[in-house]
Number of protein chains: 2
Amino acid sequence: MSAQPLDSSEHRSGALLDHLARRMRLRSESVLAPLGLRPRHLVALTVLRAGGGTGQQALATILEMDSTNIVGLLNDLEAKQLIERRRSPEDRRRHVVELTDNGAKRLSEAECALATAEDEVLGALDPAERETLYKLLSRASTGTAVNCTEAICVADDAC
Amino acid sequence: MSAQPLDSSEHRSGALLDHLARRMRLRSESVLAPLGLRPRHLVALTVLRAGGGTGQQALATILEMDSTNIVGLLNDLEAKQLIERRRSPEDRRRHVVELTDNGAKRLSEAECALATAEDEVLGALDPAERETLYKLLSRASTGTAVNCTEAICVADDAC
DNA sequence: AGGGATCATTCGTGAAGCACCAACTATTTA
DNA sequence: TAAATAGTTGGTGCTTCACGAATGATCCCT
């Protein structure tokens, strides 16, 4: 414990994260509407793509949403055939949730459509910086998913 | 295998941003409650610290909130004496919003209190990576806001 | 000076997200 | 068999937030 003895940097990213996420979400909504998706759906799909084959409860934990609300979310996605619920053979109580091919395709389309939104929000960052940002966010959200043990650490361009 | 055969960067940070912001916000709420603040207050304070002396309308633009809702937000902060509204001498219709000393202090306290929350959410990143993340987020959030005449020139610590 | 636009404010309304509770089914486990 | 677990459904209530309407103060233009 006691991992923060002294901190020369008071730099907390929380508020900035909140701020940028909001700005992104506002733009995403209008961009995603024609695709029949909402930002939260994208989040779920993204998580599923990163670590598919999870039960709904695990998903609830990852997304930190109430399990009862997960159901509705997945109902939406299943109705659009973007995900599939299959009973786990090991534990037949469990519904294993996985992205369908259609879902993966739609997710890609959505991400593509988000390019302009991202341009507006992350306009101050050049492509390399955005990629760095993506990698950091990705690592933070999955904890491990990204293999790539390469010391990427480009990022030093600033400062 | 080939890691990324398709488009070099389909990598959209939107969903990840949303996801992490949510996780951070959930933790922030409980941490901030004893301080009488909520995540959105922190966002506002952070923005004000970065580019103080803005009118409320400009603030509404930056935060992308409706101006009528900004009022309530600022009322909260003013009631706690974390900000001050002063009439602009140039345009007396305008209320120039600025962080008070008390507000800056409280913001620092809050950020300090958020350390554990951030540890939980960004646990997969080491300090250097977190600093990189902070810098990227910071640049992104101040870089594209409203290029109005402001040009506050934050120029915070070091670097 | 008059008229229109702008800033801030207040109030109200309605939609949406979400946490929470309760009850139910199917299945596993002790 | 009894208890625990995974999912589902339905309902309730709180909070956030966008949007509209009305007001007072002030600026700017003619």
Side-chain angles (χ1 to χ4, degrees), chain A residues 15 18-19 21-30 32-33 36-44 48 53-79 83-98, chain B residues 15 18-19 21-30 32-33 36-44 48 53-79 83-98 146 148-150:
Chain A
D18 214 327
H19 184 202
R22 174 186 171 79
R23 301 184 59 181
M24 190 76 84
R25 187 161 17 90
L26 288 175
R27 287 161 177 74
S28 300
E29 275 176 19
S30 53
L32 258 41
L37 293 173
R38 327 200 85 220
R40 106 156 69 76
H41 293 134
L42 262 232
V43 174
L48 283 173
T54 53
Q56 304 186 194
Q57 181 131 347
L59 204 57
T61 305
I62 294 173
L63 295 176
E64 300 205 49
M65 288 179 60
D66 194 278
S67 358
T68 62
N69 294 113
I70 292 282
V71 177
L73 184 59
L74 293 182
N75 285 350
D76 289 351
L77 295 174
E78 196 174 34
I83 61 152
E84 256 184 11
R85 290 194 247 216
R86 271 174 294 176
R87 300 218 87 107
S88 166
E90 304 143 1
D91 185 342
R92 292 184 41 76
R93 289 171 302 182
R94 203 173 274 162
H95 274 173
V96 174
V97 183
E98 267 176 5
Chain B
D18 213 326
H19 184 201
R22 174 186 172 79
R23 301 184 58 180
M24 190 76 84
R25 195 173 56 251
L26 287 175
R27 285 161 178 75
S28 301
E29 275 175 18
S30 54
L32 259 40
L37 293 172
R38 329 201 84 218
R40 71 158 42 143
H41 294 135
L42 262 230
V43 175
L48 283 172
T54 53
Q56 303 186 194
Q57 181 131 349
L59 205 58
T61 306
I62 295 173
L63 296 176
E64 300 206 50
M65 288 179 59
D66 194 279
S67 0
T68 63
N69 294 113
I70 291 282
V71 177
L73 184 59
L74 294 181
N75 284 350
D76 289 350
L77 295 174
E78 195 174 34
I83 61 152
E84 257 184 10
R85 289 195 248 217
R86 273 173 293 178
R87 299 218 88 107
S88 166
E90 305 140 1
D91 185 343
R92 292 186 41 75
R93 288 171 301 183
R94 200 172 274 163
H95 273 173
V96 173
V97 183
E98 266 176 6
V146 199
C148 283
T149 53
E150 294 304 329

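Below, read A as the first sequence line, B as the second, and so on, with proteins coming before strands; counting in each chain starts at 1. All values below come from the heavy atoms of this structure, side chains included, with hydrogens, waters and symmetry mates left out.
Judged by closest nucleotide on DNA chain D, A:V97 is the one of B:D91 and A:V97 placed further toward the 5' end. Place A:R40 and B:S67 on DNA chain C by their nearest nucleotides, and B:S67 ends up nearer the 5' end.
Relative to the side chain of A:Q57, the nucleotides D:dA4, D:dG7, C:dC7 differ in distance, and D:dG7 lies closest. Looking at the side chain of B:R93, the nearest of the listed nucleotides D:dA18, C:dC7, C:dT10 is C:dC7. Among the nucleotides C:dT28, C:dA16, C:dT10, the one closest to any side-chain atom of B:T68 is C:dT10.
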List the steps and the verdict of side chain to side chain contact (heavy atoms under 4.5 Å, CB included) for B:L59 and B:L48. CA-CA 8 Å; B:L59 205 58; B:L48 283 172; 3.9 Å; yes
Salt bridge (Lys or Arg N to Asp or Glu O under 4.0 Å) between A:R40 and A:E29, intermediate numbers included: CA-CA 10 Å; A:R40 106 156 69 76; A:E29 275 176 19; over 6 Å; no
Test side chain to side chain contact (heavy atoms under 4.5 Å, CB included) on A:D66 and A:I70; report intermediate values, then the result. CA-CA 6 Å; A:D66 194 278; A:I70 292 282; over 6 Å; no
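Look at B:N69 and you won't find any side-chain N or O under 4.0 angstrom from OP1 or OP2 of C:dT9. Between B:R22 and C:dC18 there is a side-chain N or O to OP1 or OP2 distance below 4.0 Å. For C:dC7, the OP1/OP2 oxygens have no side-chain nitrogen or oxygen of B:R85 closer than 4.0 Å. Distances shown here put a side-chain N or O of B:H95 below 4.0 Å from the OP1 or OP2 atom of C:dT9. One finds no side-chain N or O of B:R92 lying less than 4.0 angstrom from the OP1 or OP2 phosphate oxygen of C:dT6. Here A:N75 does not reach the OP1 or OP2 of D:dG7: none of its side-chain N or O atoms lies under 4.0 Å away.
Distance, B:L59 CG to C:dT9 P: 11 Å, rounded to whole Å. Atom CD of B:E90 is separated from atom C1' of D:dC28 by 16 Å (rounded to the nearest Å). A straight line from CE of B:M65 to C1' of D:dA18 spans 10 Å, rounded to a whole angstrom. Between the CG atom of A:D66 and the P atom of D:dG11 there is a distance of 17 Å, given to the nearest Å. Following rounding to the nearest Å, A:I70 (CD1) and D:dT9 (P) show an atom-to-atom distance of 14 Å. Straight-line distance from the CD atom of A:Q56 to the C1' atom of C:dT25: 14 Å, rounded to whole Å. Spacing between atom CD1 of B:I83 and atom C1' of C:dA8 amounts to 13 Å, rounded to whole angstrom units.
Counted by atom type alone, B:Q56 and B:R94 present zero donor-acceptor pairs between their side chains at under 3.5 Å.
Within 4.0 Å of B:R87, counting heavy atoms only, lies no atom of the nucleic acid at all. When heavy atoms are screened at a 4.0 angstrom cut-off, A:E29 is found touching no nucleic acid atom at all. As judged by a 4.0 angstrom heavy-atom cut-off over every strand, A:G55 is placed among residues touching the sugar-phosphate backbone only.
Put simply, CG on A:D76 and CZ on A:R38 are 9.5 Å apart, with the number rounded to the nearest 0.5 Å.
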